[in-house]
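Just so we're clear, the structure is a prediction, and the values are computed from it rather than from any experiment.
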Amino acid sequence: MAGFVLAEKLEQSQTFDETGKRTPVTLLKTSPCYLIDIKWPEVNSYMAVKLGFGQSKNIKKSVKGQLDKAGIKTPLRFLKEIRLDKVKCSKVEENGKIGIQVGDVKLFIGEELKPETLFKVGDMVKVSGTSKGKGFQGVVRRHGFAGGPKTHGQSDRWRAPGSIGQTTTPGRVYKGKKMAGRMGTDRVSIKNLRVVKIDENGITVKGLVPGHKNGFLEIIST
């Protein structure tokens, strides 16, 4: 099935199998994560679910209104829509509650999402988040430039970008030229990470995921 949940990056660690082989893993906390709303193609022209994650003391009135409508009393910090255009799902209604059925799993608005109901060990997932910010960096670190020669008087040009302009025609620097600048804080997605462990409040995946500790992440089955 297609599992989806929001999570928080806890820590990077390692595990060892029976043969002693080391495997790098990342622990992801998925609680509390609630289903807030469902977008239907007939009404919104696309299929998606809106999830809420992360308990907070103070939230905006607009967010509180959405939570109250879904019957969620826990103040949530992050709200995120996840598109399900390519996922086979259907609308269900039981006991006056509206929900969505994905595979054999039924999810209703206002319900807390548990990782054990959406994923299983061995599933391949895609983890998306914001990469670490690295500040203002030069072209050697930011783009992998080789720098200038280390001899023949080039004492101050080791990490310089070199020539960036043209001659009289066109007489300017092209847009998008690789130069020094802010590095990091980009949206990064890592695909095909295998789920190695599932517990009540989180998921452990093989490999590393983007972002800093306690960073906000999206987990979607691939």
Student: Output yes when a side-chain donor or acceptor of D123 lies under 3.5 Å from a complementary backbone atom of K120, and no otherwise.
Tutor: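 Answer holds: yes.
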Student: Are L35 and I82 joined in one hydrophobic group, where the rule is that I, L, V, M, F, W and Y side chains link up if heavy atoms are under 4.5 Å apart?
Tutor: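 Cluster IDs for L35 and I82 match.
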Student: Taking all non-hydrogen atoms of both residues, which atom of R142 and which atom of M179 are closest, and how far apart?
Tutor: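 What the structure gives for the nearest pair is NH1-O, 2.9 Å.
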Student: Check whether any side-chain heavy atom of L76 sits under 4.5 Å from a side-chain heavy atom of S56, and report yes or no.
Tutor: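 No, too far: nothing below the 4.5 Å cut-off.
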Student: Run the numbers on V196 and V121 for side-chain contact (heavy atoms from CB on, under 4.5 Å), then give the verdict.
Tutor: CA-CA 5 Å; V196 297; V121 175; 5.6 Å; no
Student: Checking E111 side chain against F108 main chain: does a donor-acceptor pair fall under 3.5 Å?
Tutor: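 Present.
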Student: Using a 6.0 Å cut-off, check whether atom CG of N58 has over 12 heavy atoms from anything other than its own residue.
Tutor: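 Open.
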Student: Which heavy atom of P149 sits nearest a heavy atom of W158, and at what distance?
Tutor: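 P149 and W158 have their closest heavy atoms at O-CD1, 3.6 Å.
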Student: Determine whether more than 12 heavy atoms belonging to other residues, nucleotides or ligands lie under 6.0 Å from atom NZ of K150.
Tutor: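 Enclosed.
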Student: For the CG atom of L28 and the CD1 atom of I198, what is their distance to the nearest 0.5 Å?
Tutor: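 Result: 11.5 Å between the selected atoms.
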Student: Tell me, do S90 and Q101 make a side-chain contact under 4.5 Å, heavy atoms counted?
Tutor: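 They are in side-chain contact.
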Student: Taking it one step at a time, do T130 and D186 satisfy side-chain contact (heavy atoms from CB on, under 4.5 Å)?
Tutor: CA-CA 5 Å; T130 302; D186 298 318; over 6 Å; no
Student: Just wondering, more than 12 heavy atoms not from W40 lying within 6.0 Å of its CH2?
Tutor: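 Above 12, so yes.
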Student: What verdict does the salt bridge (charged side-chain N to carboxylate O under 4.0 Å, His left out) test give for E93 and K91, after you've listed the backbone C-alpha separation in whole Å, the side-chain angles of each residue and the deciding distance to 0.1 Å?
Tutor: CA-CA 7 Å; E93 188 171 354; K91 186 176 182 179; 5.8 Å; no
Student: Spell out, as yes or no, whether a donor-acceptor pair under 3.5 Å connects the side chain of N44 to the backbone of Y46.
Tutor: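 Flag not set: sc N44 to bb Y46 has no pair under 3.5 Å.
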Student: Which heavy atom in P75 sits nearest to a heavy atom in L67, and how many Å separate them?
Tutor: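 Of all heavy-atom pairs spanning P75 and L67, the closest is CA-CD1, 4.1 Å.
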Student: With side chains defined as the heavy atoms from C-beta onward, is the minimum distance between F16 and T23 less than 4.5 Å?
Tutor: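 With C-beta onward as the side chain, the pair stays apart.
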Student: Go through it in stages, so that I can follow the logic: the residues are I38 and M47, the test is side-chain contact (heavy atoms from CB on, under 4.5 Å), and I'd like the CA-CA distance, side-chain angles, deciding distance and then a yes or no.
Tutor: CA-CA 8 Å; I38 304 173; M47 187 72 204; 3.8 Å; yes
Student: Please confirm whether the backbone N or O of G211 pairs with a side-chain atom of K9, one donor and one acceptor, at under 3.5 Å?
Tutor: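 Flag set: sc K9 to bb G211 pair under 3.5 Å.
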Student: Please give me the minimum heavy-atom distance between A180 and G138, naming the atom from each residue.
Tutor: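 In terms of heavy atoms, the two residues are closest at CB-CA, 3.9 Å.
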Student: Before giving the answer on side-chain contact (heavy atoms from CB on, under 4.5 Å), spell out for R77 and F216 the whole-Å C-alpha distance, their side-chain angles and the decisive distance to 0.1 Å.
Tutor: CA-CA 10 Å; R77 182 181 179 187; F216 176 62; over 6 Å; no
Student: Indicate yes or no: does D199 engage K197 in a salt bridge with an N to O separation below 4.0 Å.
Tutor: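 So D199 does not pair with K197 through a salt bridge.
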Student: Please report the interatomic distance NZ(K73) to NZ(K64), rounded to the nearest 0.5 Å.
Tutor: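 Separation between the atoms: 11.0 Å.
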Student: In terms of side-chain geometry, is the basic nitrogen of R83 or E81 positioned less than 4.0 Å from the acidic oxygen of its partner?
Tutor: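 So R83 does not pair with E81 through a salt bridge.
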Student: Do the side chains of F119 and V5 get nearer than 4.5 Å, heavy atoms only?
Tutor: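 Yes, side chains in contact.
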Student: Establish whether L6 and I59 are linked, either directly or via other cluster members, by ILVMFWY side-chain heavy-atom contacts under 4.5 Å.
Tutor: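 No, because L6 and I59 fall into different hydrophobic clusters, even though each may have its own neighbours under 4.5 Å.
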Student: Please round to the nearest 0.5 Å and tell me the distance separating atom NZ of K114 and atom CG of L107.
Tutor: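 The distance works out to 13.0 Å.
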Student: Any heavy-atom pair between the side chains of T204 and V195 that's under 4.5 Å?
Tutor: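 V195 does not reach T204 side chain to side chain.
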Student: Drop me the distance from I203's CD1 to L27's CG, to the nearest 0.5 angstrom.
Tutor: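 Rounded to the nearest 0.5 Å, the CD1-CG separation comes to 11.0 Å.
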Student: Do I220 and T222 have side-chain heavy atoms sitting under 4.5 Å apart?
Tutor: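 They are not in contact (no side-chain heavy atoms under 4.5 Å apart), so the answer is no.
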Student: Working to the nearest 0.5 Å, report the span between CE of M124 and CG of L193.
Tutor: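 Going from the CE atom of M124 to the CG atom of L193 covers 7.0 Å.
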Student: Is R187 salt-bridged to E218, going by a charged N under 4.0 Å from an acidic O?
Tutor: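 Looking at R187 and E218, the cut-off is met.
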Student: Quick check: are there more than 12 heavy atoms from other residues, nucleotides or ligands sitting under 6.0 Å from NZ of K206?
Tutor: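 No.
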Student: Of the non-hydrogen atoms in G52 and L79, which two are nearest, and what is the gap between them?
Tutor: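 Where G52 meets L79 most closely, the heavy atoms are CA-CD2, 3.8 Å.
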Student: With hydrophobic residues grouped by side-chain heavy-atom distances under 4.5 Å, do V125 and V188 end up in a single group?
Tutor: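 Per the 4.5 Å side-chain linkage, V125 and V188 are co-clustered.
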Student: Walk me through it: do S31 and E112 pass the test side-chain hydrogen bond (donor to acceptor under 3.5 Å, both in side chains)?
Tutor: CA-CA 8 Å; S31 177; E112 184 175 359; 3.3 Å; yes
Student: For V139 and R159, which heavy atoms make the closest approach, and how far apart are they?
Tutor: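 Minimum heavy-atom contact is CG2-O, 4.0 Å.
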Student: Would you kindly confirm whether V87 and L113 end up in one hydrophobic cluster when ILVMFWY residues are joined by side chain heavy atoms under 4.5 Å apart?
Tutor: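 Same hydrophobic cluster.
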Student: Does any part of the side chain of I72, heavy atoms only, come nearer than 4.5 Å to the side chain of I36, both counted from C-beta?
Tutor: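 Yes, side chains in contact.
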Student: Starting from L118, can I reach I100 by hopping between I/L/V/M/F/W/Y residues whose side chains sit under 4.5 Å apart?
Tutor: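 Cluster IDs for I100 and L118 match.
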Student: Rounded to the nearest 0.5 Å, how far does CD of Q55 lie from CZ of F78?
Tutor: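 CD of Q55 is found 13.0 Å from CZ of F78.
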Student: Answer yes if the side chains of Q66 and K50 hold a donor-acceptor pair under 3.5 Å, and no otherwise.
Tutor: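 Checked: Q66/K50 side chains pair up, N/O donor to acceptor below 3.5 Å.
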Student: Determine yes or no for a side-chain-to-main-chain donor-acceptor pair under 3.5 angstrom, with T26 supplying the side chain and G207 the backbone.
Tutor: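 Side chain of T26 to backbone of G207, a donor-acceptor pair under 3.5 Å: yes, one is there.
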Student: With a 4.5 Å cut-off on side-chain heavy atoms, are Y34 and L51 touching?
Tutor: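 Answer no - side chains too far apart.
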Student: Around atom NZ of K132, are there more than 12 heavy atoms from other residues, nucleotides or ligands closer than 6.0 Å?
Tutor: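 Atom NZ in K132 is not packed in, count stays at 12 or less.
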